[in-house]
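Take a look at the structure set out below.
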Protein chains: 2
Amino acid sequence: MEYQEAKDKFISTWGSLGTLWGINKAMAQIQALLFISTKPLSMEDIMEDLKISRGNTSMNLRQLMDWGIVTKVLVSGERKEFFTTEKDVQELARVIAKERSRREIKPVIKVLDEVSSIKDDGTEKTKELIKQTKALHNLTQDADAMINKLMDQKQNWLTKSVFKLIK
Amino acid sequence: MEYQEAKDKFISTWGSLGTLWGINKAMAQIQALLFISTKPLSMEDIMEDLKISRGNTSMNLRQLMDWGIVTKVLVSGERKEFFTTEKDVQELARVIAKERSRREIKPVIKVLDEVSSIKDDGTEKTKELIKQTKALHNLTQDADAMINKLMDQKQNWLTKSVFKLIK
DNA sequence: TTAAACTTTCAATAATTATTGAAAGTTTAT
DNA sequence: ATAAACTTTCAATAATTATTGAAAGTTTAA
């Protein structure tokens with residue numbers, strides 16, 4: 001497999017995987033492109049490489065910056081803006097996990113808490129609703145807390161203690 | 001908050017959260033409805049409650065069965081089919097995690113492995129592609145393995161050892 | 001075997017989401 | 001202050017994804 005083929009394969013796979021971490025295709029592809037680039041890229045570079053419009057590029061770069069995984073860099077002697085992404089996978093994972101938690105999981109936990117706190121009127125269906133949403137609330141909250149804790153560990157938790165302890 | 005309001009809120013929240021675990025709205029809503037129901041429901045029941053068509057209900061029930069989280073149950077004296085979902089959250093989480101791993105994560109790991117294994121032609125860009133996809137490959141593989149291990153623990157790992165060890 | 005009861009399929013359509021591109025906005029150099 | 005270089009916005013449009021509903025298929029009871 002040649003460089004270009006490998007690159008295309010990586011970008012398109014990463015792009016279609018966007019859904020898994022809750023972002024759209026173009027956004028994921030831009031991030032992927034920056035991730036394997038040896039130097040910061042301009043909007044022009046990105047549009048050209050991915051064959052997407054200026055508007056699309058602009059909007060998605062903005063979103064990536066909102067997520068905190070892409071930053072503008074100033075290239076001396078150049079007027080236009082250049083962009084890079086976080087290059088450390090560990091840190092990338094941390095930021096993504098944190099954002100997803102904040103944007104999607106936390107609001108759901110809140111709803112589950114509200115729903116599971118309704119007054120028990122003694123009927124079977126109410127009891128079931130309370131019981132099941134409470135269970136979901138606990139699971140979601142615990143899992144979210146755990147992921148956040150894991151991700152905050154600065155060291156490589158994966159290959160270290162946690163992983164081994166679980167066996 | 002009354003029962004009906006709480007129920008609607010739960011179903012719609014869970015439905016819109018479908019994306020987070022990679023399924024569509026109707027599918028998530030059907031599962032949510034079954035999850036808080038005190039007894040198995042027929043296709044008719046589901047269509048009526050969620051106000052969705054027969055075809056839609058049929059297709060999504062099928063998908064839920066493919067995922068292994070909904071099963072047909074025979075109700076004696078009834079001709080039509082009834083459905084229930086896995087009621088234990090722990091087990092539900094296990095099944096979902098496993099399916100997502102199989103359907104989405106594993107194929108990506110494979111691509112990352114292929115891409116990171118291209119021949120190093122000595123150029124900077126090839127080196128960077130290899131380095132970065134290798135890092136991503138390792139992270140993804142480790143995270144996937146860890147989640148699968150965690151989910152396979154029969155007991156409540158969340159509130160037990162793992163969680164505490166991380167601090 | 002027939003027909004009623006029920007489920008599945010799938011082409012058509014609707015709803016949603018992503019993308020474009022050109023106009024408006026901003027920044028910088030002179 | 002002007003204009004060139006660049007970025008952002010957003011209404012229009014395209015692409016994708018979900019949903020419908022009716023016809024075809026299946027099962028069961030008699």
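Letters A, B, ... are given to chains in the order of the sequence lines, protein chains preceding strands, and every chain is numbered from 1.
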*Relative to the 5' end of DNA chain D, which residue comes earlier, A:M59 or A:F82, by the nucleotide with the nearest heavy atom?*
A:F82

*With sugar-phosphate meaning primed atoms plus P, OP1 and OP2, does A:N24 contact a base, only sugar-phosphate, or nothing at under 4.0 Å between heavy atoms?*
sugar-phosphate

*Closer to the 5' end of DNA chain D via nearest nucleotide, is it A:E78 or A:G55?*
A:E78

*Looking only at atom types and distance, does a side-chain atom of A:T85 sit under 3.5 Å from a main-chain N or O of A:I69, one as donor and one as acceptor?*
yes

*Counting only Watson-Crick or G-U wobble pairs whose two distances fall under 3.5 Å, which nucleotide matches C:dT2?*
D:dA29

*asked:* Within the structure provided, determine whether B:I118 and A:E2 are in side-chain contact (heavy-atom separation under 4.5 Å).
replied: no

*Taking a pair as Watson-Crick or G-U wobble with both distances under 3.5 Å, which nucleotide is matched to C:dA23?*
D:dT8

Find every protein N or O atom lying less than 3.5 Å from an N or O atom of nucleotides 27-30 of chain C, and list the pairs.
{"residue": "C:dT27", "atom": "O2", "partner": "A:R79", "partner atom": "NH2", "Å": "3.1"}
{"residue": "C:dT28", "atom": "O2", "partner": "A:R79", "partner atom": "NH2", "Å": "3.4"}

*Closest contact, heavy atoms only, B:G15 versus B:A28*: CA-CB, 3.7 Å

*Tell me what A:R62 touches on the nucleic acid: a base, only sugar-phosphate, or nothing, going by heavy atoms under 4.0 Å.*
sugar-phosphate

*Neighbour count >12 (heavy atoms, 6.0 Å) for atom NZ, B:K25*: no

*With nearest nucleotides of DNA chain C determined for B:K72 and A:I23 from heavy-atom distances, which residue corresponds to the more 5′ nucleotide?*
B:K72

_Tell me if the CD atom of B:E124 is crowded by more than 12 foreign heavy atoms within 6.0 Å._
no

_Strictly distance-based, threshold 3.5 Å: is any side-chain N or O of B:E86 a donor or acceptor partner for the main-chain N or O of B:D88?_
yes

*Going 5' to 3' along DNA chain D, which nucleotides are the first and last within contact of chain B (any atom under 4.0 Å from a heavy atom)?*
D:dA18 to D:dT28

*Heavy atoms of other groups near B:R102 CZ, more than 12 under 6.0 Å*: yes

*asked:* Once you apply a heavy-atom cut-off of 4.0 Å, does B:E44 come out as touching a base, just sugar-phosphate, or nothing?
replied: nothing

*asked:* If you count heavy atoms of other groups shown closer than 6.0 angstrom to NZ of A:K98, is the number above 12?
replied: yes

*asked:* Less than 3.5 Å apart, any donor N or O on the side chain of A:S101 or A:K106 sitting next to an acceptor on the other?
replied: yes

